[in-house]
Visitor: 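Questions regarding the structure given below will be posed in turn.
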Amino acid sequence: MMSNEEIQRINYRKLKSPSKESKLHSIEKDFFSRPKLKEVSLVDKLIKAIFITGLLITFYTLALRMEYKWDQVDLALGRKLLVNMFNFSAVETAMKMSMVKSLINTMALGFVSTFTGFICGIVLALFAARNISNNGLSTGIRSFAGLVRAVPTIIWVLIFVSGYGLSATTAVIGMFFHTLAFFIRALAESFEEVDEATIEALLATGANKIQVIFGAILPSSVSKIISWFALRFEQNFGTAVIIGPAVGVPGTIGTMINNASRMGDYSALGFGIFLIFVTAFVMETAMNKVRQKNIIS
């Protein structure tokens, strides 16, 4: 029999030196003495390393590699240019009407390329969705879309311009290819998110693939379809603006802005930029209202 003093001595040693089990359940702390909420995995470390590397490259480029000519900065000239860009009264009425017309042409380029790419893309997306198509066909269509999307839109436009000449038609065709690949990928993923139970229920009642598509797939994806269409239309409108000065497509707002910049007509330049800003703002507001109305209904 151990005496009471020995028992107390043993209990005191246990308190001073916790067991392995208690050490395993103890909360680990980081460098700043904060409790670790989760175990850091290799992926987390890799993401952190990439982020830190990006910060170092950015700092190195901005601080050491870029050349800043502060002695050549003319603040008075900058203020003058800024004032002239907002002096819309100096722009002739004929120039304003010509810019508005070119803006409409630019919007038409963006809409036509978006609409044609959407019509063809939604059909191919149905064959690319794995829940309503076989794996071989789906993989083939997705691979085609991936290859097309890997090439920027402006490169597709340059390819067709070099082969078939400079015109609005070649610009639309060039924008169409990238738009088609975009809709194939985006809509196929939207179709795959449809509840499998709904599709199985329709198939169990004897419905065929066409009835499943029009009875479950498309109705369940309407809000996402509208969102993807609105997003791509905004992107294609911006691309149509850039194509003007980059490729030289006649009759676009980008071409007119580029010409005004070359001639030093900063009032016309500012008016063209203002038109683009107002158009983009109105498009964004209208598309948001359409999406909200569709979600509520």
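In this chain, residues are counted from 1 in sequence order.
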Visitor: Are I225 and V123 connected in the hydrophobic side-chain network, where two residues link if heavy atoms are under 4.5 Å apart?
Guide: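 Cluster IDs for I225 and V123 match.
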Visitor: Calculate, to the nearest 0.5 Å, the distance between atoms CG and OG1 belonging to N236 and T106 respectively.
Guide: 12.5 Å
Visitor: Hey, mind stepping through K224 and E192 against salt bridge (charged side-chain N to carboxylate O under 4.0 Å, His left out) and telling me if it holds?
Guide: CA-CA 12 Å; K224 293 180 180 179; E192 289 177 352; over 6 Å; no
Visitor: Considering the options N208, L218, L202, which one meets the side-chain contact (heavy atoms from CB on, under 4.5 Å) requirement together with I213?
Guide: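 One option only clears the test, and that one is L218.
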Visitor: Any donor and acceptor pair, going by atom type alone, linking the side chain of S102 with main-chain N or O of M99 inside 3.5 Å?
Guide: yes
Visitor: According to a hydrophobic-cluster definition based on side-chain heavy atoms being under 4.5 Å apart (Ile, Leu, Val, Met, Phe, Trp, Tyr only), do M263 and L275 belong together?
Guide: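 Different hydrophobic clusters.
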Visitor: Quick one: sort the F177 and W156 rings into parallel, tilted or perpendicular, breaks at 30° and 60°.
Guide: parallel
Visitor: Are any non-hydrogen side-chain atoms of I276 and I257 less than 4.5 angstrom apart?
Guide: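 With C-beta onward as the side chain, the pair touches.
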Visitor: Would you sort out whether N131 and I217 count as a side chain to side chain contact (heavy atoms under 4.5 Å, CB included), showing the intermediate values?
Guide: CA-CA 10 Å; N131 56 345; I217 301 295; 4.2 Å; yes
Visitor: Does a sphere of radius 6.0 Å around CD in E92 hold more than 12 heavy atoms from other residues, nucleotides or ligands, not counting ones at 6.0 Å or beyond?
Guide: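 Open.
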Visitor: May I ask you to test the Y60-R65 pair for a side-chain heavy-atom distance under 4.5 Å?
Guide: yes
Visitor: Within the 4.5 Å heavy-atom criterion, are H178 and R232 side-chain neighbours or not?
Guide: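 In contact.
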Visitor: Might you confirm whether atom CZ of R185 has over 12 heavy atoms from other residues, nucleotides or ligands at distances under 6.0 Å?
Guide: no
Visitor: Students often mix this up, so state it plainly: with edges at 30° and 60°, are the rings of F277 and F281 parallel, tilted or perpendicular?
Guide: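 The rings of F277 and F281 lie parallel, inter-plane angle below 30°.
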Visitor: In terms of side-chain heavy atoms, does N87 have a donor or acceptor partner in S89 at a distance below 3.5 Å?
Guide: yes
Visitor: Hey, does the side chain of T170 reach the backbone of F160 with a donor-acceptor pair shorter than 3.5 angstrom?
Guide: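 No; zero donor-acceptor contacts below 3.5 Å.
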Visitor: Please check if I155 and L147 belong to a single hydrophobic cluster, counting links between Ile, Leu, Val, Met, Phe, Trp and Tyr side chain heavy atoms closer than 4.5 Å.
Guide: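 Looking at the clustering, L147 is in a separate group from I155.
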Visitor: Per the side-chain contact (heavy atoms from CB on, under 4.5 Å) rule, which among I52, T58, T53 passes with L56?
Guide: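 In the set I52, T58, T53, the residue that makes a side-chain contact (heavy atoms from CB on, under 4.5 Å) with L56 is I52.
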